[in-house]
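Right, one structure below, let's go through it.
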Amino acid sequence: MEKNKKDYTIHRREFLKRLGGSAVVASSLVAAGCSGEKNASRYVAEGVGGDVPTDKMTYRVNHNTGDKASILGYGMMRLPMTKNDKDEDVINQERVNELVDYALAHGVNYFDTAPVYCKGASERATGIALSRHPRNSYFIATKLSNMRGDNSIEFGKEMFANSLKELQVDYIDYLLLHNLGNRGAYDKRFIENGLLDYLLEQKRMGKIRNLGWSFHGEKAFFDFMLDEAGVHWDFIQIQMNYVDWQRGNPTAEYMYNRLAEKNIPVVIMEPLLGGRLSKMNYQAMAMLKEREPEKSVASWAFRFAGSYDKVLTVLSGMTYMEHLQDNIRTYSPLQPLTDEEKSLLMDVAKRKMGFENIDCTDCKYCMPCPYGLDIPAIFAHYNRCLDEGRMPQNELDADYKEQRRAFLVGLERGVPKLRQADRCTGCRECEHHCPQRIRISREMRKIDDFVQKLLGDGRI
């Protein structure tokens with residue numbers, strides 16, 4: 001073990017040399033809801049290339065329906081954007097069509113969207129792109145939150161009907177009760193109003209083929225939904241990656257093992273932890289590059305998520321063609337991790353968890369802020385500087401002044417002045433919507449204190 005630790009420790013210059021000239025650091029922030037054309041990738045498939053197989057995709061069979069689903073699922077949460085003639089950000093439908101066509105041609109057949117994605121435009125864009133193909137060539141997953149208004153059954157029915165309309169389909173393959181977090185909210189949104197009974201009736205009528213839920217809550221509620229809810233769930237969507245495998249309440253390991261015991265198909269979200277498992281400090285990345293120099297760092301996270309046999313599909317928000325191509329290579333076919341490789345990832349996760357990162361996945365459920373803060377962008381800049389080892393922490397460090405200037409200039413360029421952390425009033429409205437249960441107002445105070453200290457250390 002000591003020898004392995006020594007092997008993983010390489011200098012930054014040597015690390016960059018091993019990556020080669022094609023290595024790129026993703027440094028731009030991502031536009032709200034989707035991704036603009038001007039923005040950098042969510043992750044970069046650094047130093048990889050080659051042919052993209054068209055007929056080697058790994059598939060998993062859903063024992064409930066016999067569906068043969070691609071292990072790579074297309075998450076339609078972060079779609080490419082463009083400007084319309086009014087200079088407004090809108091989904092670039094031509095690019096979405098191109099990505100969907102390419103995905104289907106290379107074996108991807110599971111597409112996941114929701115009414116709230118891309119400021120309410122994702123379902124329509126997804127429907128337009130997929131309706132150009134035979135209905136039996138793809139599976140559509142969408143969600144029903146019933147979070148607005150008075151949680152009435154009428155509102156829930158309207159959401160479901162609108163999803164069918166926007167997606168241009170007569171039935172939903174995989175419908176999820178969206179963002180379940182606690183018993184009280186679940187009862188109000190789905191039980192007391194009779195909405196769950198309505199959805200079960202829609203399933204009996206063939207309008208829903210598989211009914212499940214996506215989870216962002218604590219262990220007691222997870223166990224309740226599995227053991228006491230009184231419903232046969234066809235699938236469950238959980239957040240699972242090699243960092244969350246050993247942290248959380250419950251951990252990803254606990255949730256997966258419980259679902260495997262009950263033989264419930266598992267859909268994975270956030271395999272890259274909001275992109276952060278592809279942009280790590282150079283020593284953590286070197287641990288992976290030492291083992292597989294030609295593979296992207298992101299591919300390790302996707303292999304981890306896919307290595308568990310009850311996983312039906314692993315969702316990835318693929319904004320750019322290089323995302324899609326890299327993930328297709330990883331899963332065409334999947335090479336499950338060995339026990340040794342899993343152990344390596346646990347070591348990487350421990351290094352990752354050693355940083356005081358903020359667990360933001362850029363889902364933007366916290367937005368809009370009533371006081372104008374760009375919460376995800378602030379967290380993204382802070383996390384990125386930590387992950388890349390560029391945090392100005394000690395004034396005695398030789399590169400402190402350079403790092404200080406880079407932090408402040410990067411913040412100024414990425415987040416408009418009137419949308420930065422000093423604008424936070426501590427109202428905590430955002431915290432009610434955060435699936436990661438981040439204490440956002442507290443983190444904003446910490447970041448603002450840090451920024452004010454840097455500003456007080458001299459001119460930028």
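Legend: residues meeting side chain to side chain contact (heavy atoms under 4.5 Å, CB included) with Cys430, ordered by chain and number and at least two apart, are Cys366, Ile375, Ile440. Partners of Phe215 under the ring pair (Phe, Tyr, Trp, His ring centres under 6.0 Å) rule, at least two apart in sequence or in another chain, are Trp213, Phe222. Among residues two or more places apart in sequence or in another chain, the salt bridge (Lys or Arg N to Asp or Glu O under 4.0 Å) test is passed with Arg445 by none. Residues satisfying the ring pair (Phe, Tyr, Trp, His ring centres under 6.0 Å) test with Tyr256, not counting sequence neighbours, are Tyr308. Residues that satisfy the ring pair (Phe, Tyr, Trp, His ring centres under 6.0 Å) test with Phe235, not counting sequence neighbours, are Tyr174. Partners of Arg303 by salt bridge (Lys or Arg N to Asp or Glu O under 4.0 Å), not counting sequence neighbours, listed by chain and number: Glu341. A search for ring pair (Phe, Tyr, Trp, His ring centres under 6.0 Å) contacts involving Phe190 returns nothing, not counting sequence neighbours. Taking Arg428 as the reference, Glu431 meet the side-chain hydrogen bond (donor to acceptor under 3.5 Å, both in side chains) condition, with sequence neighbours excluded. Taking His63 as the reference, Asn263, Pro265 meet the side chain to side chain contact (heavy atoms under 4.5 Å, CB included) condition, with sequence neighbours excluded. Asp244 meets the salt bridge (Lys or Arg N to Asp or Glu O under 4.0 Å) test with Arg247; sequence neighbours excluded. Qualifying salt bridge (Lys or Arg N to Asp or Glu O under 4.0 Å) partners for Lys56, counting only residues two or more places apart in sequence or in other chains: none.
Looking at His381, its side chain does come within 3.5 Å of a backbone N or O of Phe407 through a donor-acceptor pair. With Ser278 contributing its side chain and Val297 its backbone, the two residues share no donor-acceptor pair below 3.5 Å. Side-chain N or O atoms of Thr58 include one that pairs as donor or acceptor with a backbone N or O of Leu334 at under 3.5 Å.
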Take Val231 and Met225 through the test side chain to side chain contact (heavy atoms under 4.5 Å, CB included) and record every step on the way to the result.
CA-CA 8 Å; Val231 178; Met225 289 299 295; over 6 Å; no
Check step by step if side chain to side chain contact (heavy atoms under 4.5 Å, CB included) holds for Leu312 and Val266.
CA-CA 5 Å; Leu312 180 67; Val266 183; over 6 Å; no
Could you walk me through whether Asn179 and Ser145 pass the side chain to side chain contact (heavy atoms under 4.5 Å, CB included) check?
CA-CA 7 Å; Asn179 193 17; Ser145 62; over 6 Å; no
When you look at Asp449 and Lys453, which way does the salt bridge (Lys or Arg N to Asp or Glu O under 4.0 Å) test go after all the steps?
CA-CA 6 Å; Asp449 289 346; Lys453 177 187 179 300; over 6 Å; no
Going through the checks in order, is the ring pair (Phe, Tyr, Trp, His ring centres under 6.0 Å) test met by Phe304 and Trp245?
CA-CA 10 Å; Phe304 175 84; Trp245 190 254; 5.5 Å; yes
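Residues Tyr110 and Leu315 form a side-chain contact, since some pair of their non-hydrogen atoms from C-beta on lies under 4.5 Å apart. His133 places a side-chain heavy atom less than 4.5 Å from the side chain of Asp101. Looking at Gln239 and His216, their side chains come closer than 4.5 Å, going by heavy atoms from C-beta outward. You'll find the side chain of Leu176 reaches within 4.5 Å of the side chain of Asp112, heavy atoms only. Annotation: side chain of Phe139 is not in contact with side chain of Thr313 (no heavy-atom distance under 4.5 Å).
Other residues, nucleotides and ligands contribute only 12 or fewer heavy atoms inside 6.0 Å of the CD atom of Glu402. Counted within 6.0 Å of CZ on Arg437, heavy atoms from surrounding residues, nucleotides or ligands total more than 12; the atom is thus considered enclosed.
Sorted by first and then second residue, the salt bridge (charged side-chain N to carboxylate O under 4.0 Å, His left out) pairs involving residues 213-226 (not counting sequence neighbours) are Lys219-Asp223, Asp223-Arg258.
Between Arg291 and Glu340 there is a salt bridge, with a side-chain nitrogen of the basic residue lying less than 4.0 Å from a carboxylate oxygen of the acidic one. Asp234 has a carboxylate O that lies under 4.0 Å from a charged side-chain N of Lys203, or vice versa, which qualifies the two as a salt bridge. With respect to Asp448 and Lys446, no salt bridge is recorded, no charged nitrogen being found less than 4.0 Å from a carboxylate O.
Here the rule is side-chain contact (heavy atoms from CB on, under 4.5 Å) with Trp300, and of Leu272, Leu345, Val348 only Leu345 fits it.
In summary, the side chains of Asn257 and Glu261 do not present any donor paired with an acceptor at a separation below 3.5 Å, with no hydrogens or angles considered. Asn210 and Asn62 are linked by a side-chain donor-acceptor pair at a separation below 3.5 angstrom, with hydrogens and angles left out of the test.
Taking the six-membered ring where tryptophan is involved, the planes of Tyr320 and His323 are perpendicular, since the angle between them exceeds 60° and thus also 30°.
Cation-pi contact between Arg135 and Tyr171: present, with separation from the ring centre below 6.0 Å and deviation from the ring axis of at most 45°.
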